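Letters A, B, ... mirror the listed sequences (proteins, then strands); counts begin at 1. Just so it is clear, the structure is predicted and the values come from calculations on it, not from any experiment.
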4 protein chains.
Amino acid sequence: MGSAKTSNKHKQILDAAATIFSQKGFHQARMDEIAVMAEVAKGTLYYNFSSKSLLFAATVTEGMEEIVRKVRAELVSDLPFPEHFHLLVSTIVRLYMQHSDLAHIIFNELSSGIDDEVLVEIERVRSRFIDFIAEMLSWGQQKGYIKNIDLKLSAVALAGIIDSVCSHILQNPDEGSEEKAVETLYDILSSGLLGG
Amino acid sequence: MGSAKTSNKHKQILDAAATIFSQKGFHQARMDEIAVMAEVAKGTLYYNFSSKSLLFAATVTEGMEEIVRKVRAELVSDLPFPEHFHLLVSTIVRLYMQHSDLAHIIFNELSSGIDDEVLVEIERVRSRFIDFIAEMLSWGQQKGYIKNIDLKLSAVALAGIIDSVCSHILQNPDEGSEEKAVETLYDILSSGLLGG
Amino acid sequence: MGSAKTSNKHKQILDAAATIFSQKGFHQARMDEIAVMAEVAKGTLYYNFSSKSLLFAATVTEGMEEIVRKVRAELVSDLPFPEHFHLLVSTIVRLYMQHSDLAHIIFNELSSGIDDEVLVEIERVRSRFIDFIAEMLSWGQQKGYIKNIDLKLSAVALAGIIDSVCSHILQNPDEGSEEKAVETLYDILSSGLLGG
Amino acid sequence: MGSAKTSNKHKQILDAAATIFSQKGFHQARMDEIAVMAEVAKGTLYYNFSSKSLLFAATVTEGMEEIVRKVRAELVSDLPFPEHFHLLVSTIVRLYMQHSDLAHIIFNELSSGIDDEVLVEIERVRSRFIDFIAEMLSWGQQKGYIKNIDLKLSAVALAGIIDSVCSHILQNPDEGSEEKAVETLYDILSSGLLGG
DNA sequence: CATGAATGAGTCTTCATTCAT
DNA sequence: AATGAATGAAGACTCATTCAT
């Protein structure tokens, strides 16, 4: 070991970056602050990631990939589609709440001011997440469980509705629990708002 | 005169601010740029609004109030609830697309870095919009059209799902038209995804 | 007055810049130092000149133009060519010694590290100086005083020989006076080294 | 062995340093870049040369000594002085063009920003080169070929005129060949500009 | 001998804000 | 009411140098 453990500074930095970026957003995050939290010198940040933008990209990419991996892992089930769909929603909600940092980044800071190159990279990651959801819906559609509807837009809608509800209960912790959120979301998504 | 026609510079500035803030977001927007677009000197910005944060707050507040006013105006109808609900969705979508600037601001830049005082003000405006939707849903619920569901969370979900879909088609103009967006959204919201 | 005197800060900065740039060269000069010497805030530097490179370019350009103007002014004479040529040499030497700052900059810091755009601008100024000398030599050639020789190369040679000798006596003040330099240079340039 | 073959890394570094320093000048040269070109680790640079300044000094010193050695070697001739002088000029020009790297360094980067100690060392080397030329002129003067003129200043002038002309044709390859440069220089130096 | 990850002092540059006019 | 020159605090990034291995 030694060559196997490629400097844990790398990971320290990414962890600190995820925390700071999610707390403050890209533009308000300060490299100094990240360095302090990572317990490395500022130069070390730049030795490992050549710019703030690239550090941001790495943070988002690695974090997002981990989340998608986790969702996939948990969804390996033989449940009937409705239960499977419920599991999808609840899993995404749970992971969103756990990694609200990253979620926040991805859903709230795709605006301008970041290197185009990096923006494209992040958009690519986000797109892969949407595609993953669309793929799942497609599978349900083939089984006859999902109505005839635009899958890409539906996936986008699914991501958006989960984002807004989770964001809301994170910011207003008193107004609702995770369970309630999952039920409301499943309710809406499975049978719509109408139908009292 | 005086309070009625508070110098038209005031309006010029707000218009320019809306454009710039929406294009770049709060942190990336530059006071210089706003001044140039408003065709006033930079000092005039500060003569009319004492800080960047306050200018932002004014921009969002005034813009938002105008939108809510418009939605309210268009929804004065005696249609049966389902049609009324469809009208709600299509109206919000249309106004979102028209004022994507503001929508973008409100949905994407509520993160940190802004004076708490201002943040609270904006949150208050946003909240009023959510409440307006919830109120509409409540009315539908009383009429027996909306199922027994948490109205606040549902309103949040409604705003979120519209935001994500509209954002998506704005960024990918080729992947869908406004009409398709409205139909997909109404489809999901009225009867859910399930039920193929 | 007021609008006529376009802020003397501009000139203060250029003067300070000329001094610092000539003492330390482009890369070693610090904007802070220039600001302090110009008795303005650092921001004022950037308000007047948008970058270090551009400040450098302005310094060199304005200084150089002043020198060329002076040389031209002093050379308006009806002397016979040999005396005229002697005057040319002595004038250039005198101005070089007076503005050794700028001379140093122009002859010693045309190396890399500066924005290409700026480098080109400076090269253009330098070129104009060379052309001015060549023009003078051409005039002498037409009068039959200058031998049949490449005028551009001769102008370059003239500038180079003056530069090296002036540089030398500036760095070794004990080894020669300005008068001696002028005589040696005139001696070499008028009748060559050979011919003892 | 050991002192004779001080690790060939030593030479690799000096070669790379000569290239980089001459391309970019002292201040713009980066130790990283030199290390990469020398194909050694950055630490190895510091193992062999304790600082950037010292590496620069070593580069200049060793290179310069090699050049002076070569000039001396080629000038061992029994030619009559005029031909000998012509040979001196053409040899210096040829070596200048061959080692334009070093020439550039020596003539263009004697400004500030380098350790005084190192600056003095380099000035010493430069001085030795001037003295070598002066010595040659002195020899010609004794033979009655060189007029009664300040030899040190003349040597400085000779170096300067060669530098400027060579620099010029290096930067404007189309405006003149090496041969033309030699002839122009010899023309000026042997019989002056005047005398059409 | 050789390495390269780590360091942090030092720089340029940006931009909200002020204030004399 | 309006201006815009001036400010200076704050932040991203560079790079010579060190040192544990």
Phosphate OP1/OP2 of E:dC1: any D:Asn48 side-chain N/O under 4.0 Å: no

Please work out the stems of DNA chain E from pairs that are Watson-Crick or G-U wobble with both distances under 3.5 Å, keeping only runs of three or more consecutive pairs. E:2-21 with F:2-21

Closest listed nucleotide, where the reference is the side chain of C:Thr44 and the choices are E:dA6, F:dT7, F:dT3: F:dT7

Rounding to an integer number of Å, can you tell me how far D:Ile20 CD1 sits from F:dA16 P? 12 Å

Output yes when A:Glu121 and A:Arg124 qualify as a salt bridge under the 4.0 Å nitrogen-oxygen rule, no when they do not. yes

Just so I know, are the side chains of D:Ser51 and D:Phe56 near enough to count as touching, which here means a heavy-atom distance under 4.5 Å? no

Within the 4.0 Å limit for protein heavy atoms, which parts of nucleotides 13-21 of chain E are touched? Write it as a string from 5' to 3', B for base, S for sugar-phosphate only, - for none. BBSSBB---

Does a side-chain heavy-atom distance below 4.5 Å link B:Ile34 with B:Phe21? yes

Within-4.5 Å side-chain heavy-atom neighbours: A:Thr61 and A:Glu65: yes

Answer yes or no: is there a side-chain heavy-atom contact under 4.5 Å between A:Arg126 and A:Met64? no

A:Phe49 and A:Thr59, any side-chain heavy atoms less than 4.5 Å apart: no

Distance in angstrom units between D:Phe49 CZ and E:dC1 P, rounded: 13 Å

Between the side chains of A:Lys9 and A:Glu39, is the shortest nitrogen-to-carboxylate-oxygen separation below 4.0 Å, so that they form an ion pair? no

Judged by each residue's nearest nucleotide on DNA chain E, which is more toward the 5′ side, D:Glu39 or A:Leu45? D:Glu39

C:Lys9 NZ - F:dG4 P separation (whole Å): 18 Å

Within the 4.5 Å heavy-atom criterion, are A:Tyr46 and A:Leu55 side-chain neighbours or not? no

Nearest whole angstrom, please: distance from the C1' of F:dT14 to the CD1 of D:Ile34. 16 Å

Given the options C:Lys42, C:Lys52, C:Lys24, C:Glu33 meets salt bridge (Lys or Arg N to Asp or Glu O under 4.0 Å) only with C:Lys24

Would you kindly give the OH-to-P distance between D:Tyr47 and E:dG4, to the nearest whole Å? 16 Å

